[in-house]
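Please read the structure below before turning to the comments.
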Amino acid sequence: MSDQAHTGKADIGVLGLAVMGANLARNAARKGFGVALFNRNHERTDKLMAEHGSEGRFHPAKTIEEFVAALAKPRAIIIMVKAGKPVDDMIEDLIGQLEPDDIIIDGGNSLFTDTARRFKRCRDANIRFIGMGISGGEEGALEGPSMMPGGERSAYDRIAPMVTKMAVSVDGTPCCTYIGPEGAGHYVKMVHNGIEYADMQLITEAYDLMKTLYGLDAAAMADIFTDWKAGDLDSYLIEITAAVLRKVDGTGKPLIDAIVDEAEQKGTGRWTAQNALELGVPVTAITEAVFARALSGRRGMRGEAEKKLPHPAVSTRKPSPEEINAIRDALYASKIIAYAQGFEQMTVAAQTFGWDLHLGEIATIWRGGCIIRARFLNRIREAYDRDPKLSNLLLDDYFRDAVVKAEEAWRRVIVLAVENGVAVPAFSSSLAYYDGLRRARGPANLLQGLRDYFGAHTYRRLDKEGSFHTRWGQDGSEIEA
Ligand code: 6PG
């Protein structure tokens with residue numbers, strides 16, 4: 001397991017000891033690996049050693065040289081610094097110190113195209129590079145995250161015995177698997193985060209409906225989310241929603257009512273939406289979630305608009321259990337759509353970038369450790385077991401049946417939201433996607449007619465092969481040749 005017994009050297013290095021890096025280093029040490037530590041500001045290293053030095057075999061280093069010298073060869077170094085330029089700077093520093101076949105692993109939330117560039121930069125310097133998405137927040141990093149490594153297969157094989165032990169296991173299977181070459185690991189982590197955005201937005205819309213239509217208070221909603229956790233919606237995000245809603249702060253009132261309604265973002269959800277637009281994949285739930293955060297950020301404008309723009313009168317009334325169940329069903333159906341879209345995005349990315357992504361395995365490693373961990377991921381894994389080439393989750397019987405079962409409630413809830421002026425962009429765009437998807441013949445024939453009219457862009461016909469153009473007259477009549 002460990003090279004340390006033979007060489008006295010560390011098995012793995014962690015560079016960058018802010019909370020995520022420090023917790024990952026402690027995780028590796030607790031699993032029995034020798035861990036070299038380095039942070040530019042040595043105080044963090046001292047703090048880690050003072051507080052947790054007894055948890056395992058740590059090799060704290062004061063300089064990069066000392067850090068590199070502490071590692072068994074070929075060296076494996078996880079860098080945990082802020083995404084962007086700090087990662088490039090760190091790679092350049094390391095390249096000067098490392099030897100051929102050593103491995104640099106970027107464990108941050110890097111943009112996958114940056115990872116592809118860094119992979120090539122390292123390859124040119126005879127260094128192997130792995131871009132590894134790590135999900136699970138601070139607690140996951142310590143107790144066992146979900147890990148999505150991408151890069152050269154041989155480099156992954158070298159680190160696999162360590163990272164599969166550091167990752168959490170579900171039913172005996174580690175939540176870590178080789179994803180694919182170059183930026184594939186960070187790509188999949190990006191889509192994970194996009195889905196995380198959509199999932200959270202959908203929960204937020206359910207909360208808004210219960211609060212605005214039915215006037216439920218935080219404690220009542222916490223109970224409802226706790227109930228939902230016992231069913232199909234069972235997930236970490238539903239569990240922590242109940243915890244956040246239940247929290248009472250020092251004022252004796254629910255904390256949630258004191259939190260400013262402006263959501264921040266670091267960029268991974270936006271990247272997912274941008275990439276979906278580039279690939280031409282209809283990923284509406286994630287994109288609406290990004291826009292909803294942007295609208296939340298316009299707090300001043302919203303304050304002004306509330307005063308100026310009329311709002312439908314909402315007559316708050318006590319909900320029946322059926323009405324609460326309808327919101328639950330609408331949430332579940334919309335969630336299925338969000339995941340179907342995210343998984344289709346990965347299918348198209350795999351084709352576009354020439355990656356052999358195993359979507360069933362990706363669902364498997366998202367069952368534990370990560371932010372979107374949920375019972376639901378087992379259903380996705382089973383769908384890909386049934387058909388590894390499944391083009392859309394909604395074409396799988398389980399998901400089709402689940403959506404069909406929820407459909408009536410889903411529509412009813414959205415109608416209610418629209419009538420009462422409650423914004424449910426992710427619920428309603430998910431339903432619009434569903435309604436668009438389940439029609440063999442949509443209305444884009446008219447778009448083609450219009451494009452042909454003003455731009456001679458041509459159209460295809462149902463009854464004949466080929467490309468056609470109508471010579472439109474000013475009054476719309478066809479000009480005879
Ligand atoms: C995870 C999280 C993690 C981080 C998000 C937050 O998987 O552990 O996704 O990576 O908390 O990036 O993203 P925003 O700040 O953009 O919400």
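Keep in mind that what you see is a predicted model, and the values were worked out from it rather than measured. One-based numbering, in listed order, for ligands and for the atoms of each.
Scanning the protein for heavy atoms near atom 10 (O) of ligand 1, the closest one is Asn109 ND2, 2.8 Å. Closest to atom 16 (O) of ligand 1, if we only count protein heavy atoms, is Tyr197 OH, 2.4 Å.
A donor-acceptor pair under 3.5 Å is formed between the side chain of Thr347 and the backbone N or O of Phe343. At distances below 3.5 Å, at least one donor-acceptor pair connects side-chain atoms of Gln341 with backbone N or O atoms of Thr284.
Distances below 4.0 Å separate heavy atoms of Gly136 from the following atoms of ligand 1: 1 (C), 7 (O), 8 (O). Under a 4.0 Å criterion applied to the non-hydrogen atoms of His192, ligand 1 contributes the atoms 7 (O). Listed by atom number, the atoms of ligand 1 under 4.0 Å from Asn193 heavy atoms are 5 (C), 7 (O), 9 (O), 10 (O), 12 (O). When each atom of ligand 1 is checked for a heavy atom of Ile371 under 4.0 Å away, the hits are 1 (C), 2 (C), 7 (O), 8 (O).
By heavy-atom distance, the residue among Lys266, Glu139, Met20 lying nearest atom 6 (C) of ligand 1 is Lys266. For the residues Glu196, Gln265, Arg373, the heavy atom positioned nearest atom 13 (O) of ligand 1 is part of Glu196. With distances taken over non-hydrogen atoms, the option nearest atom 7 (O) of ligand 1 out of Cys370, Gly137, Ser135 is Ser135.
Only the side chain of Arg293 comes within 4.0 Å of ligand 1, judged by heavy-atom distances.
Side-chain contact, Asp199 with Tyr339: a donor N or O sits under 3.5 Å from an acceptor N or O.
Checked against the 6.0 Å centroid criterion, the rings of Tyr332 and Trp410 do not qualify as a close aromatic pair. Aromatic pair Phe112/Phe353: ring centres closer than 6.0 Å.
The cationic atom of Arg121 (NZ for Lys, CZ for Arg) does not lie both less than 6.0 Å from the six-membered ring centre of Phe129 and within 45° of the ring axis.
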### Step-by-step salt bridge (Lys or Arg N to Asp or Glu O under 4.0 Å) determination, Asp11 to Arg57
CA-CA 10 Å; Asp11 303 297; Arg57 287 184 292 117; 3.6 Å; yes
